[in-house]
J.: 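Got a structure for you, questions after.
No experiment lies behind these values; they were computed from the predicted model shown.
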Amino acid sequence: MNKILEKKIKQSINNQLTFDGEAAFEILLYDLDLLSRQDLQRWQKGEIPYLAKKCRCSERHLAELLKYFRNYCNQNGLIPGPFAELAYTKSGDQKYGQRYLRR
């Protein structure tokens, strides 16, 4: 992963923690401009069956982003919180829906 992308991910996570008290993968996708606000809102309302369908990247890239997101959260002492109830992938895999909270 390149340094510019890593910096954007860290900034997104830290901003989320400051404003919401938790870090969520779907907000990271929005912050990285891989998901539109409209699509995020439609997904949250249940109008889009799974989030990956509307992301502007491959599922492989999503998996790489998720891995970095989770590692950064774990390395910074964040604890896993509740899962999102909505589907992230066509298979319904919940690993994307993990929230991270401050201790």
J.: With a 3.5 Å distance limit and no angle check, can you tell me whether Asp20 reaches the backbone of Glu22 through a side-chain donor-acceptor pair?
T.: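 Absent.
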J.: CD/Gln44 to CD/Glu26 distance, rounded to the nearest 0.5 angstrom?
T.: 6.5 Å
J.: Can you confirm whether Leu34 sits close enough to Leu28 that some side-chain heavy atom of one is under 4.5 Å from a side-chain heavy atom of the other?
T.: no
J.: Quick check for you: to the nearest 0.5 Å, what is the distance between Glu47 atom CD and Asp39 atom CG?
T.: 10.0 Å
J.: Could you grab the distance from atom CD1 of Ile13 to atom NZ of Lys8, nearest 0.5 Å is fine?
T.: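 Between Ile13 CD1 and Lys8 NZ, I get 14.5 Å after rounding to 0.5 Å.
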J.: Mind checking what makes side chain to side chain contact (heavy atoms under 4.5 Å, CB included) contact with Asp31, not counting sequence neighbours?
T.: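 Asp31: side chain to side chain contact (heavy atoms under 4.5 Å, CB included) contacts with Ser12, Gln16, Ile27.
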J.: Measure the spacing between NZ of Lys10 and SG of Cys73 and express it to the nearest 0.5 Å.
T.: 12.0 Å
J.: Are Tyr88 and Leu62 close enough that some pair of their side-chain heavy atoms sits under 4.5 Å apart?
T.: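 No - every pair of side-chain heavy atoms lies 4.5 Å or more apart.
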J.: Of all residues at least two apart in sequence or in a different chain, which pass the ring-ring contact (aromatic ring centres under 6.0 Å, His included) check with Tyr72?
T.: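 In terms of ring-ring contact (aromatic ring centres under 6.0 Å, His included), with neighbours along the sequence ignored, Tyr72 is linked to no residue.
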J.: Would a line drawn from the ring center of Trp43 to the ring center of Tyr30 be shorter than 6.0 Å?
T.: no
J.: Do any side-chain atoms of residues 48-57 form donor-acceptor pairs under 3.5 angstrom with protein atoms, and if so which ones, sequence neighbours left out?
T.:
unit_1	atom_1	unit_2	atom_2	d
Arg56	NH1	Asp33	O	2.7
Arg56	NH1	Asp33	OD1	3.3

J.: Which heavy atom of Asn2 sits nearest a heavy atom of Leu5, and at what distance?
T.: OD1-N, 2.6 Å
J.: Just verifying a value: how many Å separate Leu78 CG and Leu17 CG, rounded to the nearest 0.5 Å?
T.: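 Atom-to-atom, Leu78:CG and Leu17:CG are 5.5 Å apart.
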J.: To the nearest 0.5 Å, tell me how far Phe69 CZ sits from Ile9 CD1.
T.: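 If I round to the nearest 0.5 Å, the distance is 9.5 Å.
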J.: Please report the C-alpha distance between Leu40 and Leu29 in whole Å, then the side-chain angles of each, then the deciding distance to 0.1 Å, and finally whether the side-chain contact (heavy atoms from CB on, under 4.5 Å) criterion is met.
T.: CA-CA 9 Å; Leu40 176 58; Leu29 296 175; over 6 Å; no
